[in-house]
There are 2 protein chains.
Amino acid sequence: MTAAPKYSSSTENYLKAIFHLQKSDGIVTTNDVANELQTRPASVTDMLKKLKAQKLLLYEKYKGFKLSNEGRKVALQIIRKHRLWEFFLVEKLNFGWDEVHEIAEELEHISSKKLIDRLDEYLGFPKSDPHGDPIPDSNGKFTLPKQVDLLNLPLNKVAEVSSIGDQSAEMLELLGHKGIALGTKVEVKKKFAFDNSLELKFKNQLIVTVSEHVAKNVFVKYDE
Amino acid sequence: MTAAPKYSSSTENYLKAIFHLQKSDGIVTTNDVANELQTRPASVTDMLKKLKAQKLLLYEKYKGFKLSNEGRKVALQIIRKHRLWEFFLVEKLNFGWDEVHEIAEELEHISSKKLIDRLDEYLGFPKSDPHGDPIPDSNGKFTLPKQVDLLNLPLNKVAEVSSIGDQSAEMLELLGHKGIALGTKVEVKKKFAFDNSLELKFKNQLIVTVSEHVAKNVFVKYDE
DNA sequence: ATTTAATTTTAGATTTGTCTAAAATAAAAT
DNA sequence: ATTTTATTTTAGACAAATCTAAAATTAAAT
Ligand SMILES: [Mn+2]
Ligand SMILES: [Mn+2]
Ligand SMILES: [Mn+2]
Ligand SMILES: [Mn+2]
């Protein structure tokens with residue numbers, strides 16, 4: 001029985017970043033990772049070599065890299081911890097869903113597995129975090145919620161905002177102002193062919209306009 | 001307005017260790033700290049110099065050292081976090097009081113002040129941790145638990161046995177038999193006016209009777 | 001008061017993670 | 001097919017925190 005190896009916070013942050021980047025693009029570059037982690041490409045290359053040595057990454061210089069099975073497994077456990085802590089902060093400590101990310105960025109590195117499993121139980125085994133992202137179970141499995149972005153939501157269909165693609169401060173400010181948050185019920189009343197901007201209607205009858213750029217980053221779920 | 005400086009986990013662990021050591025002995029040595037932190041005296045000396053440079057420590061080589069006011073202030077905030085997390089683990093996540101220390105040793109380094117103040121509120125502003133140690137408030141103040149003998153403990157107040165007056169072999173035999181030891185949690189359920197004998201209840205619901213003579217020699221501490 | 005022992009500090013290395021500047025390689029443009 | 005540009009990697013350095021071995025200082029013993 002081999003004891004679960006401990007990885008540094010830095011290592012964990014790299015694994016998580018690579019996981020997220022290869023989820024969206026499929027292919028990940030050194031620059032992508034440097035940009036995501038606010039560091040330098042040279043530092044990324046250094047770390048890629050270390051991750052390869054630990055068998056967490058498949059890497060050949062100049063050719064590319066991707067997580068190994070073990071690397072993905074570790075990444076998923078970090079993501080599990082991140083999202084469970086976010087859920088805790090919002091549900092139990094009354095934080096806003098837009099102020100928990102930074103704190104979870106630290107909490108995700110607390111090592112105790114027993115702690116996170118107890119927390120999961122205490123929270124009632126939530127399926128998704130406050131941003132609508134799925135929470136992997138202790139085996140790393142999770143069920144992707146069926147969702148589309150607002151651009152692809154059929155007209156006059158009531159749907160619920162379930163996750164946000166671009167979670168930058170600027171985006172969150174815009175959404176806050178327009179009155180769009182997780183759980184908000186919306187329907188698309190009109191789509192302008194000219195610029196793909198949309199008119200959305202809320203439950204309270206209010207109508208707002210959002211750009212194509214915004215619409216592509218707001219994901220909703222709805223019944224068929 | 002100066003932003004609160006961030007200290008490394010290592011720095012925080014040193015401050016906390018020195019705080020605890022100077023609490024008991026008054027005087028602290030390089031070896032004490034090395035022993036407490038499972039490290040080498042040479043490493044301690046290195047860190048003492050760094051702490052001095054940060055004005056967290058008053059230090060003159062070969063002569064001795066002690067925390068500065070600022071150093072003590074930081075130490076108390078780490079202790080506050082440590083003990084609040086321990087309380088959380090025991091009260092909310094059903095951990096045993098004997099298995100929370102290691103986890104709190106990591107959690108105490110999470111930096112968000114807002115988090116710890118929200119946690120404090122969520123827990124109902126507890127006065128002491130699962131080991132009976134006082135929890136400093138957000139200004140670093142804490143109230144030492146009140147210490148009285150069992151005769152003077154108010155009815156139905158949960159208290160912790162903190163010291164024994166008469167430590168004769170006969171007394172210790174009696175206490176051992178009744179199940180009373182340092183750290184035992186007890187409350188007084190009934191006091192008989194006839195002979196000042198008491199009925200005590202333990203956490204495990206067991207009830208025992210002790211004489212006035214015994215009660216006068218068992219000291220307990222409790223909050224308020 | 002010397003000698004001996006313990007404690008503390010320095011000197012010099014090591015590890016981890018980062019950086020800048022320069023070189024190597026790949027991709028894009030002419 | 002060259003040339004130019006962008007990306008990636010190496011080379012060399014640095015800060016933080018630790019270590020071992022040796023030197024400096026203080027404390028204890030004879
Ligand atoms: Mn993180
Ligand atoms: Mn999230
Ligand atoms: Mn600690
Ligand atoms: Mn404690």
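Proteins come first, then strands; the chains are lettered A, B, ... in the order of their sequence lines, and each starts at number 1.
Between B:Asn31 and C:dA6 there is no side-chain polar atom (N or O) within less than 4.0 angstrom of OP1 or OP2. Side-chain nitrogen and oxygen atoms of A:Lys49 include none within less than 4.0 Å of the OP1 or OP2 phosphate oxygen of D:dT9. For D:dA16, the OP1/OP2 oxygens have no side-chain nitrogen or oxygen of B:Tyr7 closer than 4.0 Å. Proximity of B:Lys61 to the phosphate of C:dT10: a side-chain N or O atom is located under 4.0 Å from OP1 or OP2.
For B:Ser112 and A:Glu106, the side-chain atoms include no donor-acceptor pair closer than 3.5 Å. Residues B:Asn31 and B:Thr29 bring no donor and acceptor atom of their side chains to less than 3.5 Å of each other.
Going from atom CD of B:Glu60 over to atom P of D:dT26 covers 12 Å, rounded to whole Å. The interatomic distance linking A:Lys63 (NZ) with C:dT25 (C1') rounds to 14 Å, in whole Å. Going from atom CG of A:Asn35 over to atom P of D:dT7 covers 11 Å, rounded to whole Å. The distance from atom CG of B:Asn13 to atom P of D:dA17 is 11 Å, rounded to the nearest whole Å. Between the C1' atom of D:dT8 and the CG atom of A:Leu48 lies a distance of 10 Å, rounded to the nearest Å.
Pairs engaging residues 106-133 of chain A under the ring pair (Phe, Tyr, Trp, His ring centres under 6.0 Å) rule: A:Trp97-A:His131 [sequence neighbours left out]. Applying the salt bridge (charged side-chain N to carboxylate O under 4.0 Å, His left out) definition to pairs two or more places apart or across chains, those involving residues 51-72 of chain B are B:Glu70-B:Lys73. Applying the ring pair (Phe, Tyr, Trp, His ring centres under 6.0 Å) test to pairs two or more places apart or on separate chains, none has a residue in residues 36-79 of chain A. Sorted by first and then second residue, the salt bridge (charged side-chain N to carboxylate O under 4.0 Å, His left out) pairs involving residues 29-47 of chain B (not counting sequence neighbours) form an empty list. The ring pair (Phe, Tyr, Trp, His ring centres under 6.0 Å) contacts involving residues 13-36 of chain A comprise nothing, where partners must be two or more places apart or lie in separate chains.
By the side chain to side chain donor-acceptor pair (under 3.5 Å) test, B:Asn35 is found to be paired with no residue, residues two or more places apart in sequence or in another chain being considered. A search for ring pair (Phe, Tyr, Trp, His ring centres under 6.0 Å) contacts involving B:Phe87 returns nothing, not counting sequence neighbours.
Across all strands shown, B:Thr30 has heavy atoms under 4.0 Å from sugar-phosphate atoms exclusively, and none from any base. Heavy atoms of B:Tyr59 sit under 4.0 angstrom from primed sugar atoms or phosphate atoms, though from no base atom.
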Considering only nitrogen or oxygen atoms on both sides, find all protein atoms under 3.5 Å from nucleotides 15-23 of chain C and state each distance.
from   : atom 1 : to      : atom 2 : distance (Å)
C:dG17 : OP1    : A:Ser8  : OG     : 2.5
C:dT18 : OP1    : A:Ser10 : OG     : 3.4
C:dT18 : OP2    : A:Ser10 : OG     : 3.3
C:dT18 : O4     : A:Asp46 : OD2    : 3.4
C:dC19 : OP2    : A:Thr39 : OG1    : 2.5
C:dC19 : OP2    : A:Arg40 : N      : 3.2
C:dC19 : OP2    : A:Ser43 : OG     : 2.5
C:dC19 : N4     : A:Asp46 : OD2    : 3.1
C:dT20 : OP2    : A:Arg40 : NE     : 3.1

Give every pair of a protein N or O atom and an N or O atom of nucleotides 2-4 of chain C that lie under 3.5 Å apart, one pair per line with the distance.
none

